[in-house]
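Taking it in order: structure first as structure tokens, then the write-up.
For the single chain, residues carry numbers from 1 onward in sequence order.
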Amino acid sequence: MATLSDIGFAATINILTAFAFFIAFAVLRLQPVNDRVYFPKWYIKGLRSSPIKTGGFASKFVNLDFRSYVRFLNWMPQALRMPEPELIDHAGLDSVVYLRIYLLGLKIFFPIACIAFTVMVPVNWTNSTLDQLKNLTFSDIDKLSISNIPTGSSRFWVHLCMAYFITFWTCFVLQREYKIVGSMRLQFLASEKRRPDQFTVLVRNIPPDPDESVSELVEHFFKVNHPDYYLSYQAVYNANKLSELVQKRKKLQNWLDYYQNKHSKNPSKRPSMKIGFLGCWGEEVDAIDHYMEKIEGLTRKISAEKETVISSTKSLVPAAFVSFKRRWGAVVCSQTQQLRNPTEWLTEWAPEPRDIYWDNLALPYVQLTIQRLVIAVAFFFLSFFFMIPIAFVQTLANIEGIEKAVPFLKPLIEVKTVKSFIQGFLPGIALKIFLIVLPSILMLMSKFEGFVSKSALERRCASRYYMFQFINVFLCSIIAGTALQQLNSFLNQSATEIPKTIGVSIPMKATFFITYIMVDGWAGVAGEILRLKPLIIYHLKNFFLVKTEKDREEAMDPGTIGFNTGEPQIQLYFILGLVYAAVSPILLPFILVFFGLAYVVYRHQIINVYNQEYESAGAFWPDVHRRVVIALIVSQLLLMGLLSTKRAARSTPLLFILPVLTIGFHKFCKGRHQPVFVRYPLQDAMVKDTLERTREPNLNLKPFLQNAYAHPVFKAADDLANELVVEEPEPNRTPDLVATKRGSKRLLYSGSAETLT
């Protein structure tokens with residue numbers, strides 16, 4: 001078990017690692033060649049120009065102003081300087097609401113930590129229960145926990161009062177934040193500029209008709225049932241095959257760019273390649289000619305496939321985007337049942353065009369139920385089998401307990417430095433490594449479930465990730481860790497004493513979670529600002545693929561907040577903080593450092609780096625609220641079980657009231673605040689429509705909405721088709737003149753080809 005010196009050793013490693021990341025970031029962000037990596041958001045907005053274009057040769061690559069290196073931490077106050085309204089205009093409401101999750105953590109845990117260290121720590125420390133128990137593995141840190149209180153002690157009333165304070169304070173902060181975020185959402189929607197999704201609903205599960213196509217059905221249905229406000233519709237096509245062809249062409253274009261760039265650096269030699277397996281053997285051909293021919297052939301296939309998709313009724317999906325003349329009409333349609341049969345003509349608010357996940361629109365609605373059932377079963381087995389590596393991680397955190405059961409390992413791990421490293425650092429980093437691939441797996445599972453918007457995909461993935469973190473990382477770590485930690489006690493005591501040992505041991509798992517918080521919440525957050533992976537990828541693309549300024553813009557990878565991974569990870573800290581606040585308060589300072597550091601780092605990233613793919617106006621806040629409430633209830637139930645093992649009979653019954661009060665509080669907030677995030681008020685829609693019609697009495701929305709929800713792959717196909725320009729042939733020769741994307745022209749003859757500039 002990690003001792004105080006082990007925790008200190010781990011803290012030193014993680015603090016030095018975080019500081020090294022900050023210094024590296026401070027140096028790298030000042031270099032002109034890295035400007036697009038660390039400030040891509042300003043380039044996307046067109047508010048920043050590359051410093052490489054100005055100055056001398058050396059200053060284009062290296063910042064020679066040594067005074068700027070002295071102020072290497074000035075990015076922190078700069079990140080905090082932008083006011084919240086300006087940040088909403090700059091980055092969107094989703095980003096600002098996401099930052100409020102970190103503020104929520106600070107608001108909840110700072111007062112709790114102050115009271116816990118003022119009251120709880122002295123109460124726990126001034127006992128000697130752990131010293132009196134035989135065959136129990138513990139450290140000095142564990143004397144600060146509830147485990148050091150003797151069985152049946154009257155001091156448990158202090159822990160009971162602390163549980164009440166934690167509950168009432170957390171509920172107060174949650175209700176206040178729910179109200180603030182809901183008000184921010186309504187204000188944002190009221191002040192928002194005109195967008196296609198304000199006038200559009202997504203209609204799904206359109207019933208088949210032998211006499212009419214889907215397009216005709218939609219037109220007739222809405223003209224009859226919404227005659228005053230119906231404007232137009234956009235059919236949905238199954239264009240997945242076309243999308244695959246477009247993506248394949250993009251990959252070929254990247255290879256062509258690479259070889260053309262290579263040729264431009266050495267014009268005397270044409271690049272060649274082998275067309276066999278993985279380019280290792282086969283016929284050697286001119287690489288540029290090879291890829292240009294493949295691209296031209298694929299471009300014609302794309303054009304033909306697009307015509308097939310549009311002209312064939314089999315490509316139509318029983319879904320459509322229906323637009324209305326007024327927002328009021330869209331609100332009424334999206335929030336009402338269209339037929340007596342509730343399974344047909346299902347309507348919902350259309351996601352904004354950027355938010356749509358087009359691949360899933362082609363899935364039959366009835367099929368989704370089966371797919372979601374399959375994913376539920378798959379998620380169960382994924383969680384079950386992931387318990388194996390979690391249990392392995394716990395073996396690293398409980399070396400002292402294993403030494404007693406397996407003594408031959410003792411000489412190897414008794415070296416002080418090695419032991420401190422293994423117990424204080426290795427468990428956290430091992431758990432972090434095991435969790436790296438998990439988000440990608442969960443996102444694939446969410447896509448298979450058939451959600452039609454990226455925001456819904458991320459929220460679903462976040463929900464799965466949260467469940468996984470709660471079951472595997474939290475519960476499994478406690479159960480497996482306790483079993484391994486007290487292995488010797490379990491083997492040498494009667495069955496009636498085992499619950500008591502577990503009750504004492506669970507609070508002592510705080511040391512493992514402290515090491516994990518330092519690795520993930522300190523060094524991990526500091527590593528986020530360094531952006532090492534995007535930095536390497538950008539320079540590789542810049543060297544091998546970039547030929548124009550447009551290519552350089554595409555090489556930037558600003559990334560996004562990553563709600564599907566970030567929010568569940570934050571919720572793990574809420575669980576740990578609320579569970580251990582009344583049990584082992586030593587955890588709270590480490591959590592506060594995480595919330596404070598993460599708030600500053602992610603505020604900087606949102607201002608300068610991240611570029612959100614969509615805007616949901618903070619629609620995810622009900623999920624955040626619900627998960628914090630779940631964490632609060634779990635903390636109450638665990639404390640209740642813990643006190644029952646400590647025979648605190650007088651105080652335990654009073655804890656039954658807290659889960660009931662918390663559930664009632666959640667139902668109140670759900671009825672009072674959640675509708676703001678689910679439905680749009682008719683009054684607000686009418687006010688916005690009235691103001692718009694007053695300012696623009698002759699407004700015609702049809703051109704604005706006509707192609708707003710056209711599949712983006714159609715636009716890409718049109719752009720590619722425009723590259724094929726056929727010219728008049730020369731009298732004695734019959735070439736095809738093709739204009740390529742790079743502005744060069746290719747003359748194709750039978751048996752020969754050459755490039756003209």
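Under a 3.5 Å cut-off, the side chain of Glu615 and the backbone N or O of Leu93 do form a donor-acceptor pair. Side-chain N or O atoms of Ser463 include none that pairs as donor or acceptor with a backbone N or O of Arg459 at under 3.5 Å. With Asn564 contributing its side chain and Cys461 its backbone, the two residues share no donor-acceptor pair below 3.5 Å. Here the side chain of His90 pairs a donor or acceptor atom with the backbone of Ile607 at under 3.5 angstrom. Side-chain N or O atoms of Ser584 include none that pairs as donor or acceptor with a backbone N or O of Ala510 at under 3.5 Å. Using a distance-only test at 3.5 Å, with no hydrogens or angles considered, a donor-acceptor pair links the side chain of Thr565 to the main chain of Gly562. Glu449 places no side-chain N or O within donor-acceptor distance of the main-chain N or O of Leu368, the cut-off being under 3.5 Å. No side-chain donor-acceptor contact under 3.5 Å links Asn205 to the backbone of Trp345. Checked by atom type and distance alone, the side chain of Trp358 never pairs as donor or acceptor with a backbone atom of Val452 at under 3.5 Å. A donor-acceptor contact shorter than 3.5 Å is absent between the side chain of Gln469 and the backbone of Leu572.
His673 and Phe668 have perpendicular rings, their planes meeting at more than 60° on a 0 to 90° scale where under 30° would count as parallel. Classified by interplanar angle (parallel below 30°, tilted 30° to 60°, perpendicular above 60°), the ring pair Phe470/Phe474 is parallel. Ring pair Phe109/Phe574 is tilted by interplanar angle, where 30° to 60° counts as tilted. By the 30° and 60° cut-offs, the orientation of the rings of Tyr573 relative to Tyr516 is parallel.
Tyr709 places a side-chain heavy atom less than 4.5 Å from the side chain of Ile356.
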Run the numbers on Phe110 and Phe595 for ring pair (Phe, Tyr, Trp, His ring centres under 6.0 Å), then give the verdict. CA-CA 10 Å; Phe110 183 75; Phe595 279 116; over 10 Å; no

Kindly indicate, with the supporting measurements, whether the criterion side chain to side chain donor-acceptor pair (under 3.5 Å) is fulfilled by Ser455 and Asp355. CA-CA 7 Å; Ser455 57; Asp355 191 18; 2.7 Å; yes

When you look at Ser95 and Gln612, which way does the side chain to side chain donor-acceptor pair (under 3.5 Å) test go after all the steps? CA-CA 8 Å; Ser95 299; Gln612 280 300 96; 4.9 Å; no

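Smallest separation of non-hydrogen atoms from Val713 and Ala239: CG1-CB, 3.9 Å. Summarising the geometry of Leu661 relative to Phe168, their closest heavy-atom pair is CD1-CZ, 4.2 Å, with the distance given to 0.1 Å. Across every non-hydrogen atom of Thr17 and Ile13, the tightest pair is OG1-O, 2.7 Å. When all heavy atoms are compared, the tightest approach of Ile606 to Ala91 is CG2-CB, 3.5 Å. Nearest approach of Met184 to Val96, heavy atoms of both residues: CE-CG1, 3.9 Å.
With Tyr614 as the partner, the side-chain hydrogen bond (donor to acceptor under 3.5 Å, both in side chains) test is satisfied by one option alone out of Arg354, Glu458, Glu352, Lys454: Glu458. Put simply, the residue from Leu104, Leu87, Ile561 that forms a side chain to side chain contact (heavy atoms under 4.5 Å, CB included) with Leu99 is Leu87.
Enclosure of atom CD in Glu192 by more than 12 non-hydrogen atoms of other residues, nucleotides or ligands within 6.0 angstrom is indicated.
Using a 3.5 Å distance cut-off with no hydrogens or angles, the side chains of Thr369 and Gln371 do not pair a donor with an acceptor.
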Report, one line per pair, each donor and acceptor closer than 3.5 Å where one atom sits in a side chain of residues 616-633; sequence neighbours left out.
{"unit_1": "Ser616", "atom_1": "OG", "unit_2": "Asp94", "atom_2": "OD1", "d": "2.9"}
{"unit_1": "Ser616", "atom_1": "OG", "unit_2": "Asp94", "atom_2": "OD2", "d": "3.0"}
{"unit_1": "Asp623", "atom_1": "OD1", "unit_2": "Arg626", "atom_2": "NH1", "d": "3.3"}
{"unit_1": "Asp623", "atom_1": "OD1", "unit_2": "Arg626", "atom_2": "NH2", "d": "3.0"}
{"unit_1": "Arg627", "atom_1": "NH1", "unit_2": "Glu567", "atom_2": "OE1", "d": "2.5"}
{"unit_1": "Arg627", "atom_1": "NH1", "unit_2": "Glu567", "atom_2": "OE2", "d": "3.3"}

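By the 6.0 Å and 45° rule, Arg464 stacks over the aromatic ring of Phe379.
A ring-centre distance under 6.0 Å is not found for Tyr610 and His604. For Tyr602 and Tyr102, the distance between ring centers is under 6.0 angstrom.
Salt bridge present: Arg100 and Glu84 bring a charged side-chain N and a carboxylate O closer than 4.0 Å.
For Arg672, the salt bridge (Lys or Arg N to Asp or Glu O under 4.0 Å) test picks out no residue, with sequence neighbours left out.
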